Structures are given as structure tokens and as C-alpha cells.
Amino acid sequence: MKKTTKQFGALLVLGTAAIALAQGTTFLTIGSGSTTGVYFPVATGMAKMVNDAGAGVRANARSTGGSVFNVNAIATGELDAAVAQNDVVYYAYKGTGLQAFQGKANTKLRTMAVLYPEVLHVVARKDSGIRSIADLKGKRVVIGDLGSGTELTAKQVLESYGLGFDDLGQALRVSPAQGITLMQDKRADALFYTVGVGASAISQIAQTVDVAMVPVSGNQASSLIKKYPFYVRYNIPAKSYKGVGATVPSVAVQATLVTSTAVSDDAVYKAMKAIFDDEGALKAIHPSLATNFSYAKAVKGIPAPLHAGAVKFFKEKGLNVK
């Protein structure tokens, strides 16, 4: 009797899977970033919206090392979609910019939507005496995970001030969570992090350590933007974090939801409908989306062509896209 019950259970599982396949259910794994950043809650919220829609697409969000890992994982099929910096996506699509992409253009990359600005935060311990990017020379600086978008941004910003990683006392390639610990333990003097304003990692440092937010401005910011047109000027508002009483000028790139041509037009369209159709529900996921997202902005500065499924969605919203 027990054997018969087990066999029936096995048949039921197989039957459920077969029904799901017959109904055309597509499973999407969405890459995000560190659990202390903005990518993770955004990707998790989007995956929930896809699942709640019940439209034949299921999704789950995965914590990853960030932008560079994400676009490479899309190329190998490990991820189906991901949030990534628009500059990193562009470099991957073109096969340039980063050594990881040189001569390996991934022309199958496709954009779903631009989401919100990712602002460069350069956070220093007040007792380090660091008040400008130039002051980072000889200091112990967290520059982001190896291969992350933050590492790339740190490299480009330092270049605009005539510095390189070799000019630092120590270039610490660790995750944001590890960076917090290093800052708290006085084993790091400063930290680079390209992330939406209000990220828990930055808030956590500011709550536990007296910090100064280091500006990126003036001629150096101008030269950076001229050389790398993905950057825009962005002011971190006063009181965004404990101890930051004044507006801090900085620069930003754009967080972008991307996929590839390997994902069907129908699956992407259904995912777009589930995530973006109710703009209010989308904005409720995170303040970065609430403050910055709009349909018009979603198709500006795209780093790779729009996926056909996204084109269909945005056309239904009255936008002139192709």
C-alpha cells in the first residue's frame, strides 16, 4: 500500500510538472547583487510581482557579485535576467571597456528597462582625514568586489583625479558587507559603493561610524563625464545618512534590467506586464524606484537594444520605441 502511495505521489509531481510545461510556464532567474545593496530588494520585489501575476512566468531573485558577474551569467545561461549598471552592460554588449569583455561582444544582450540612478558613494571615516578623492592616496580603500560595477567606477573616478589602484595604500576587493566590517574595525579608511541612495550598507556604516561623504565634482567630474558619457552629475541629498548634513555632489550611472534573446518574446512581455504595468506597485518596492522611475526614463540611455518583448510593452504604453 505504501509503495502504491509513493508511486502515486511521484506520478502527481511528474503530472504537475508536465501540466506546467504544457501551459508554457517559463522560469526566470533574476540576478541582483549584495543583500545589503538596492539590487537585491528590487530584484526580489520584481520576482514576487511576476509570481503574483500568475501569467505563465515564474521568477526567483538571486544574490550575486553584481553587474559584471550578472551580464557574464546571462551570457552563459546561468541567469535569465539581471539588474546591472548601464555602462557595464554597454561594455559587455560591445566587447570593450573591461578586460573580462575584450573581444567577447555579447550581442544577444537586451534591455528590458532603465530603473533608477546608481550614485557613487565614497564614504570615509572622519578620523581618516579624507575629505577629497585626492586624499585617498596611500589609504586603505574598499573598491568593491572583484569584477563588480563598483570596482569599475572606482577605477574611472580615481583616473579622473590622476590616481590608480596602485596609488592606494591598499585596494580592498571585498563585498559591501565585508566593507562595512572593515570600516567598523578601522581596517579600512574609505569605501566606494555605486548604489541607490538609501542603501542599507551605507546607512549601516553611518549609524556605527562617524563618516564623511567625499564629493566628486568640479573639473574632475566634468572630465569623467566627457570620457564616459554614461555618467551624470547627481547630488546626494542632505540628511540621506546620519552625519551627512549637507548636499554632497557626486556622479551616477543607471541601474538597468537586462535579459537576452535566449528568453522568448512572450516570456519577456509577460514579465514586463507583471512588473511595470502598475507603476505605483513598482515604485512601492524601493525609494530609488519611487523617486526616479517613469516610463519615459525607462527607455532613455539604454545600453543594449530593447528586447522585442519590452518593445511590445512600451508601445502599448504609448512610447515610440523600436
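Predicted model, so just to flag it, every value in this text is computed and none were measured.
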salt_bridge([X], [Y]) N-O dist < 4.0 Å:
{"X": "Lys48", "Y": "Asp52", "answer": "yes"}
{"X": "Glu151", "Y": "Lys155", "answer": "no"}
{"X": "Arg140", "Y": "Asp189", "answer": "yes"}

Point-to-point distance, once rounded to the nearest 0.5 Å, from [atom1] of [X] to [atom2] of [Y]:
{"X": "Thr247", "Y": "Lys239", "atom1": "OG1", "atom2": "NZ", "result": "10.5 Å"}
{"X": "Asp80", "Y": "Thr26", "atom1": "CG", "atom2": "OG1", "result": "9.0 Å"}
{"X": "Leu257", "Y": "Met112", "atom1": "CG", "atom2": "CE", "result": "4.5 Å"}
{"X": "His307", "Y": "Ser260", "atom1": "NE2", "atom2": "OG", "result": "6.5 Å"}

Acceptor/donor pairs from residues 273-283 side chains to any protein atom, 3.5 angstrom cut, sequence neighbours excluded:
from, atom 1, to, atom 2, distance (Å)
Asp277, OD1, Lys317, NZ, 2.9
Asp278, OD1, Gly280, N, 3.2
Asp278, OD1, Ala281, N, 3.1
Lys283, NZ, Phe293, O, 3.2

May I ask you to decide if [Y]'s main-chain N or O and [X]'s side chain share a donor-acceptor pair within less than 3.5 Å?
{"X": "Tyr241", "Y": "Gly198", "value": "yes"}
{"X": "Ser63", "Y": "Gly33", "value": "yes"}
{"X": "Thr36", "Y": "Ser200", "value": "no"}
{"X": "Asn72", "Y": "Phe69", "value": "no"}
{"X": "Thr291", "Y": "Ser288", "value": "no"}
{"X": "Arg125", "Y": "Met183", "value": "yes"}
{"X": "Ser250", "Y": "Leu120", "value": "yes"}
{"X": "Arg233", "Y": "Ala252", "value": "no"}

(request) Before giving the answer on side-chain contact (heavy atoms from CB on, under 4.5 Å), spell out for Gln220 and Ile133 the whole-Å C-alpha distance, their side-chain angles and the decisive distance to 0.1 Å. (result) CA-CA 10 Å; Gln220 291 87 353; Ile133 298 296; over 6 Å; no
(request) Mind running side-chain contact (heavy atoms from CB on, under 4.5 Å) on Tyr269 and Glu316 for me, showing each step along the way? (result) CA-CA 11 Å; Tyr269 173 74; Glu316 287 180 357; 2.8 Å; yes
(request) Can you run down the ring pair (Phe, Tyr, Trp, His ring centres under 6.0 Å) pairs that involve residues 151-208, sequence neighbours left out, and say none if there aren't any? (result) none
Distance-only polar pair, side chains of [X] and [Y], donor-acceptor under 3.5 Å:
{"X": "Thr64", "Y": "Asn70", "result": "yes"}
{"X": "Tyr91", "Y": "Gln85", "result": "no"}
{"X": "Asn60", "Y": "Thr29", "result": "yes"}

(request) Run the ring-centre check on Tyr116 versus His286 and record whether the distance is less than 6.0 Å. (result) no
(request) Using a cut-off of 6.0 Å, state whether more than 12 heavy atoms not belonging to Lys94 lie near its atom NZ. (result)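 No, not enclosed.
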(request) Check the pair Gln204 / Gln184 against side-chain contact (heavy atoms from CB on, under 4.5 Å), numbers first and verdict last. (result) CA-CA 10 Å; Gln204 190 174 339; Gln184 291 170 331; 4.2 Å; yes
(request) Kindly indicate, with the supporting measurements, whether the criterion side-chain contact (heavy atoms from CB on, under 4.5 Å) is fulfilled by Met46 and Leu115. (result) CA-CA 12 Å; Met46 288 180 171; Leu115 302 175; 3.6 Å; yes
